[in-house]
Q: 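Got a structure for you, written out below as structure tokens; questions coming shortly.
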2 protein chains.
Amino acid sequence: MIIMGEKYNKFSKYFVAIDCVIFGYVDDDLKLLLYHRGFEPAKGQWSLMGGFVGEEESSDTAARRILKNITGLDDIYLEQVQAFTNPDRDSEDRVISLTYFALIRIDKHKADKVKENGAHWWSLKALPNLVFDHKEMVDKALEKLQIKAGLELVGSELLPDQFTLLQLRKLYEAIFQKELDTGNFRKKVLSLKVLQRLDERNTTESRRGAYYFKFIDGAKDKSFERIVKI
Amino acid sequence: MIIMGEKYNKFSKYFVAIDCVIFGYVDDDLKLLLYHRGFEPAKGQWSLMGGFVGEEESSDTAARRILKNITGLDDIYLEQVQAFTNPDRDSEDRVISLTYFALIRIDKHKADKVKENGAHWWSLKALPNLVFDHKEMVDKALEKLQIKAGLELVGSELLPDQFTLLQLRKLYEAIFQKELDTGNFRKKVLSLKVLQRLDERNTTESRRGAYYFKFIDGAKDKSFERIVKI
DNA sequence: CCAAAAGTGTTTATAATACACCCATGG
DNA sequence: CCATGGGTGTATTATAAACACTTTTGG
């Protein structure tokens, strides 16, 4: 394979697709945006949102375009997960999939647009069967999300602008799929100095009422500490 | 992009290449196997080892095939790094690159085969200019290697079967590009219980002589602790 | 008044870090 | 006899983990 020759002509070309594992968080529950395929192959089954990489765009750009079409949002957190390349992973045509994961503020996205595309938010705890190798993509994406959330405070990408520490903890419990100690989580999170307490309180989720917090602008990422041990 | 139609015919296909960031370790130095391109585009410049994904193979298989051709080795540690997909990253032809990093036991590989392919081991500390986006690939690969080495003891993939703790520490210093405390490194590494001390000693690297160690078969990976804080 | 979450504090265990010190030996 | 790495021990600090307890308030 080292001597490749002057031109690439003798090699094959393949379709290059994008598949997006789209995470959202609502009702104390981590959710995935899936859609009901309206076309062959695998028509009628559930799959990740996807599309193909156009001639003039990078895969990152393609992923952003696809997400914008679905959610109406521009500023989405996006990270490459992995390429899935088994020769027989799709139908007869060979398709390489570049998988991304995205974090969506469900409170901001265009719900009507999502509906009209036959898409649906599924709880991560009870996913339907997925086509092809999409389940594997979800697993890898969750792994990546855990690594990210373990090293920096996610939340600005998934929660509303202001939130209580209960909501933040529930988000982390959903991501890591285990319970976290109230006091220790609180101490850890506040020690990062990336949250600002607001004067307003939330009284709907507890009798006593809890202060709202928000992320301090620009203060993020300076931490890079271990929030949750993987 | 959601309504894709029944067939994929209207979308474009691209070449799918593999680029391998091949790490080796010798003379207390982390090295990269690069080669001198003998063909256009970018003939005569240095680049990563690469090739194209064949019709009947996955990208993992393709990467293994390429590495086997270059080094003669079968059992190489391999990990996907990332896809590089800028539309203009290669020449006129659009080529998507799937980048892998590999860890090579330099003491085991076929040196003659490497030479004959115009390849050369370069110190990571003084790399030549690389073609296209290959420098970026190297940087990402090193990041991945640091994450891996930070969570489990690499070394079986890079060092000879038996090695001293000095050699292991030097390897870690090369990977993380910083000095590590002798005593603390020793304590940490031995606490993982994956190394076995041999009776033999190395007397070439110190006056007193240091015990050789080897990895205990199968004992790996049970640790998954933090060896070096990233 | 009680259940449920908010919020604070304390204790213990574990891990990271810095560094001192003796050992062995070839030159 | 000394420079160099081998190897061990210890003190200090930081972080993680477990958990007790007090506060607040709607039902």
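Everything numeric here is computed off the predicted structure, so don't read it as measured data.
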Q: For A/Asp133, give me all partners under salt bridge (charged side-chain N to carboxylate O under 4.0 Å, His left out), at least two apart in sequence or on another chain.
A: A/Arg89

Q: What integer distance in Å separates A/Arg186:CZ from C/dA5:P?
A: 14 Å

Q: Nearest-Å distance, CG (A/Asp181) to P (D/dA20)?
A: 11 Å

Q: Using whole Å, report how far CG of A/Leu190 lies from C1' of C/dG9.
A: 14 Å

Q: Looking just at side-chain N and O atoms, do B/Tyr77 and B/Ser156 make a donor-acceptor pair shorter than 3.5 Å?
A: no

Q: Mind calculating the distance between CG (A/Leu166) and P (C/dA6) to the nearest angstrom?
A: 4 Å

Q: Send over the distance from B/Gln167 CD to D/dG7 P, rounded to a whole Å.
A: 12 Å

Q: Applying side-chain hydrogen bond (donor to acceptor under 3.5 Å, both in side chains), can you list everything that pairs with B/Asn202, at least two apart in sequence or on another chain?
A: B/Thr204, B/Tyr212

Q: Report the distance from atom CZ of A/Phe213 to atom C1' of C/dA5, rounded to the nearest whole Å.
A: 14 Å

Q: Could you tell me which residues satisfy side-chain hydrogen bond (donor to acceptor under 3.5 Å, both in side chains) with A/Ser47, sequence neighbours excluded, listed by chain and number?
A: none

Q: Strictly under 3.5 Å: I want the nitrogen or oxygen pairs between protein and nucleotides 10-13 of chain C, one per line.
A:
unit_1: C/dT10; atom_1: O4; unit_2: A/Lys187; atom_2: NZ; d: 2.9

Q: Which whole-number value in Å describes the distance from B/Lys188 NZ to C/dT17 P?
A: 10 Å

Q: Quick one: list whatever passes side-chain hydrogen bond (donor to acceptor under 3.5 Å, both in side chains) with A/His120, sequence neighbours left out.
A: A/Trp122

Q: List for me each residue that meets salt bridge (charged side-chain N to carboxylate O under 4.0 Å, His left out) alongside B/Asp161, sequence neighbours excluded, and say none if there are none.
A: B/Arg105

Q: Taking DNA chain C as the partner, which of residues 197-208 of chain B come within under 4.0 angstrom of it by heavy atom?
A: B/Arg207, B/Arg208

Q: What is the distance from CG of A/Leu180 to P of D/dA17, rounded to the nearest Å?
A: 10 Å

Q: Taking only residues two or more places apart in sequence, or in another chain, which ones meet B/Asp29 in a salt bridge (charged side-chain N to carboxylate O under 4.0 Å, His left out)?
A: B/Lys31, B/Lys125

Q: Sorted by first residue and then second, give each salt bridge (charged side-chain N to carboxylate O under 4.0 Å, His left out) pair with at least one member in residues 72-84 of chain A; sequence neighbours left out.
A: A/Lys68-A/Asp74

Q: Once the angle between the rings of B/His109 and B/Trp121 is folded into 0 to 90°, is it parallel (under 30°), tilted (30 to 60°) or perpendicular (over 60°)?
A: perpendicular

